[in-house]
Amino acid sequence: MIISQEFFNRNTIQVAKDLLGCYLVSESKEGRTAGKIVETEAYLSDDPGSHTFKGKTKRNEVMFGPAGRAYVYFIYGAHHCINVVTQKPGVGEAVLIRALEPIEGIEIMRKRRNKDDVKDLTNGPGKLVSALAIDKSCNGLDFNDRIKILERKEKPKIIATTRIGLSQGKDLPYRFYIKDNPFVSRK
DNA sequence: AGAGCGATGGCCT
DNA sequence: GGCCATCGCTCTA
């Protein structure tokens with residue numbers, strides 16, 4: 001089942017936890033690729049680690065829009081990352097999807113990633129975006145388009161810890177992952 | 001297994 | 001001009 005917009009129009013930390021175990025699906029000409037979400041990070045409006053901390057800019061404007069859309073940004077001159085926008089319009093918050101467990105289209109992912117090992121296909125935010133052929137053209141799309149999020153079947157055991165790669169807000173416990181899942185990017 | 005680091009480009013001040 | 005919500009390669013063990 002597709003997830004309703006009300007699911008995303010909620011407290012961002014709660015959405016980050018509830019996304020664990022849900023499925024991210026990408027349709028393309030080459031076929032469908034999909035994975036279970038196993039690691040997320042929350043980015044809040046009063047959070048110095050968030051792109052929105054200093055207000056709205058051209059880059060982050062999707063984060064201030066309605067919940068349930070994709071915020072895709074380009075980083076380090078090489079990678080894209082994908083977030084799910086949360087909260088009502090005007091509030092710049094989102095959940096970064098950091099890792100997936102590959103479920104469908106593994107051969108397509110292998111080609112896109114140029115890697116054979118299943119454990120190295122989607123265990124990082126830049127990697128999963130590449131495996132699912134997500135790019136700048138997905139920025140602002142609803143998760144009801146060529147990228148979708150489907151409901152989880154069961155509630156996983158969750159670990160909460162600090163986020164990765166930040167210089168600001170690095171002590172906040174806003175990273176969540178599924179306990180004992182081998183596809184998490186880092187413990 | 002872990003640390004160090006270069007690549008690379010868009011955005012912000 | 002400087003800064004990144006990263007990745008993959010290299011070097012040391």
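The model shown is predicted, which means the values in this text are computed figures rather than measured ones.
Contacts of Gly124(A) with the nucleic acid, taken as non-hydrogen atoms under 4.0 Å apart, involve only primed sugar atoms and P, OP1 or OP2. Note on Arg59(A): only backbone sugar-phosphate atoms sit closer than 4.0 angstrom, heavy atoms only; bases stay farther off. Note on Gly126(A): only backbone sugar-phosphate atoms sit closer than 4.0 angstrom, heavy atoms only; bases stay farther off.
Protein atom CG of Asn114(A) is 16 Å distant from nucleotide atom P of dC7(C), rounded to whole Å. Atom pair Tyr43(A):OH and dC4(C):P shows a separation of 12 Å (rounding to whole Å applied). Protein atom CD1 of Ile164(A) is 17 Å distant from nucleotide atom P of dC4(C), rounded to whole Å. Per the geometry, NZ belonging to Lys56(A) stands 13 Å off P belonging to dC12(B), to the nearest Å. The NZ atom of Lys54(A) sits 9 Å away from the C1' atom of dC3(C) (whole-angstrom rounding). If you measure from atom NZ of Lys58(A) to atom P of dT13(B), you get 15 Å, rounded to the nearest angstrom. For the pair Lys170(A) NZ and dT6(C) P, the interatomic distance rounds to 13 Å; values are reported in whole Å. Taking atom CD1 of residue Ile75(A) and atom P of nucleotide dC4(C), one finds them 9 Å apart after rounding to whole Å.
Under the 4.0 Å criterion applied to side-chain N and carboxylate O atoms, Glu30(A) and Arg112(A) are assigned as salt-bridge partners. Using a 4.0 Å cut-off between charged nitrogen and carboxylate oxygen, Asp18(A) and Arg152(A) count as a salt-bridge pair. Note on Arg163(A) versus Asp171(A): no salt bridge recorded, every NZ/NE/NH1/NH2 to OD/OE distance being 4.0 Å or above.
Among dA5(C), dC7(C), dC9(C), the nucleotide with an atom closest to any side-chain atom of Lys115(A) is dC9(C). Residue Phe74(A) places its side chain closer to dG9(B) than to any other of dG9(B), dA5(C), dC7(C). Comparing dC4(C), dT6(C), dC12(B) against the side chain of Ser167(A) picks out dC4(C) as the nearest.
Between Thr57(A) and dC12(B) there is a side-chain N or O to OP1 or OP2 distance below 4.0 Å. Close to dC7(C), at under 4.0 Å from its OP1 or OP2, lies no side-chain N or O of Arg113(A).
Between Ile149(A) and Phe8(A) there is a side-chain heavy-atom pair separated by less than 4.5 Å. In this structure, Ser26(A) and Arg146(A) have side chains that are in contact, with non-hydrogen atoms separated by less than 4.5 Å.
In this entry dG6(B) has dC7(C) as its Watson-Crick or G-U wobble partner, both defining distances falling under 3.5 Å.
Evaluation of atom-type donor-acceptor distances gives a pair under 3.5 Å for the side chain of Tyr73(A) against the base of dA5(C).
Between Tyr76(A) and Lys136(A), the residue anchored closer to the 5' end of DNA chain B is Tyr76(A), taking for each the nucleotide with the nearest heavy atom.
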